[in-house]
Amino acid sequence: MQSQVRIRRWPWVAIALSLAVAFTLSMISPADSVQGDLVRIMYVHVPAAWLAYTAFFVTFVGSVAYLVTKNLRWDRIAAASAEIGVYFTGLALSLGMIWAKPTWGVWWTWDARLTFTFIMFFVYLGYLALRRTTDDPIARASRSSVLGILGAIQIPLVHFSVLWWRTLHQPPSLIRPDGPAIQDSLMLAALIVGVLAFTIVYVALMVKRIELIHLEEKRLAVEQSIRRPVAGEAVTAPELGAS
Amino acid sequence: MTTGFWHQVRAVIDRDLLRERRQGDMLWITIPFGAIALLLIPLAIGTDAVLLREIGPGMYWVIVMLFGVLVAVSRASRETLPQQDASALLGLDPAAGFVGRTASSAVFLLIFEVVVGVVAVGLYDISLIGIGWLVTTMLLVAIGLALLGTLTAAIVNSSTAGAALVPLLVAPLSVPLLLGATQTYDGLQGGYSILSWVLLMVAVVLVVSIIGVLTARPLQET
């Protein structure tokens, strides 16, 4: 019983600890010479964007694995990851807009990175919508797996858009051929810790969401096994000649 | 139906073209609607000839994309479950069905592109420099949209939202095609290299073709 309680609680403890460390580091890191304290948005914006890629990549892997193995466990992983990915894509977009207003002067600009991220957001919203409209778990898993593979085309387009097109958005901050763009070691450490903290948040949310999907499936199975009265069942046909 | 793969593809194309000839949805509804859309844009943004010449190609491709979605929607709502079951019982290879449906959709979309393209050239005075590459672009966009439409129609097949879900899935996925088409036109006008944009469209066509063929059977089985 004790171990069960620990299993239930560890995701929340991990989330709280990792976010606390990341928050502290982002607050003690120096302000940017040009942007000032505005740069602190980066410590949430970049990890959120990183998590969106990671989540959608996991959806892609889960989708391929489901189609190969037909094991519903992979479908649960793909679905949970897509939900988390959509949330963090929305967060990255919102924070990006908040950051853009004081630095670029506009909430939104038709920049390749921004536009492709927005499109990726809609692709995975479509993925979630598709899951909601299919009741049969096997059909839902097969169909959404195909879309999970198809949607993954967007991930490299979003990531490399800043390299393929001349855009207002800065190039990648961490994953670059010539090393990270950030020179200050404390700022770099805060960013890396932020990315790690968000990754822990992702893993913890995945564990809880997969548990929840599993419980939802069990509940659905129980509901379907219970015989429910059919509408109009109580109405009996009139008999001819009855008094 | 025990014929070879390409015979089955041919049979599906013939069936779809025959159905279109009998119903005429594409010829009498979709193409005129696309032409009307091109006519409405200048009424909304102004009739300045220079402005229209500048935005005309982009508007044309947006309309092609949106109406490509419409073709996919009509396809998704056209094939009923009993029809699909009958095809499966006749031994139709799911991959052949996918290729055949894609090919017939591509033919419809190419006809749509040509007719609406003529209207766009007339209304917006669009330049036709590099006509060979423009035709190649039209062909790639028609095949790409047909692939995406056929695949998403198979994905939403018999779900409760059905055809209503198709636009939400096809429109964002077709953005690389729209981008490739508009940038190819700009490159031809500006005299810069268009190879990367053509390759982008070819890559989309190849990737979606592979996904469509490989997943045709699991999608049919559901």
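First the proteins, then the strands, lettered A, B, ... as listed; each starts at 1.
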Can you tell me how far apart CD1 (A:I149) and CD1 (B:I211) are? Round to the nearest 0.5 Å. 6.5 Å
Is the number of heavy atoms from other residues, nucleotides or ligands under 6.0 Å of A:F57 CZ greater than 12? no
Find out whether B:P218 and A:K70 are in side-chain contact, i.e. whether some heavy atom of one side chain is under 4.5 Å from a heavy atom of the other. yes
Distance check, rounded to the nearest 0.5 Å: A:L130 atom CG versus B:L165 atom CG? 5.5 Å
Less than 4.5 Å apart, side chain to side chain, heavy atoms only: is that true for A:Y127 and B:L168? no
Is the number of heavy atoms from other residues, nucleotides or ligands under 6.0 Å of A:E217 CD greater than 12? yes
Rounded to the nearest 0.5 Å, what's the gap from CG on A:L150 to CD1 on B:I155? Could you check? 6.0 Å
When only heavy atoms count and the cut-off is under 4.5 Å, which of residues 56-64 of chain B reach chain A? none
Pair count under 4.5 Å, heavy atoms only, with chain B: among A:D136, A:L125, A:I119, highest is A:I119
I'd like to know whether CZ of A:R209 has more than 12 heavy-atom contacts from other residues, nucleotides or ligands below 6.0 angstrom. yes
So do B:L219 and A:R143 actually touch side chain to side chain, heavy atoms under 4.5 Å? yes
Cut-off 4.5 Å, heavy atoms of chain A, and the answer for B:L214 is neither
Let me know if A:L147 has heavy atoms under 4.5 Å from chain B in its side chain, its backbone, both or neither. both
For B:L173 and A:G151, the nearest pair of non-hydrogen atoms, with its separation, is CD2-CA, 4.3 Å
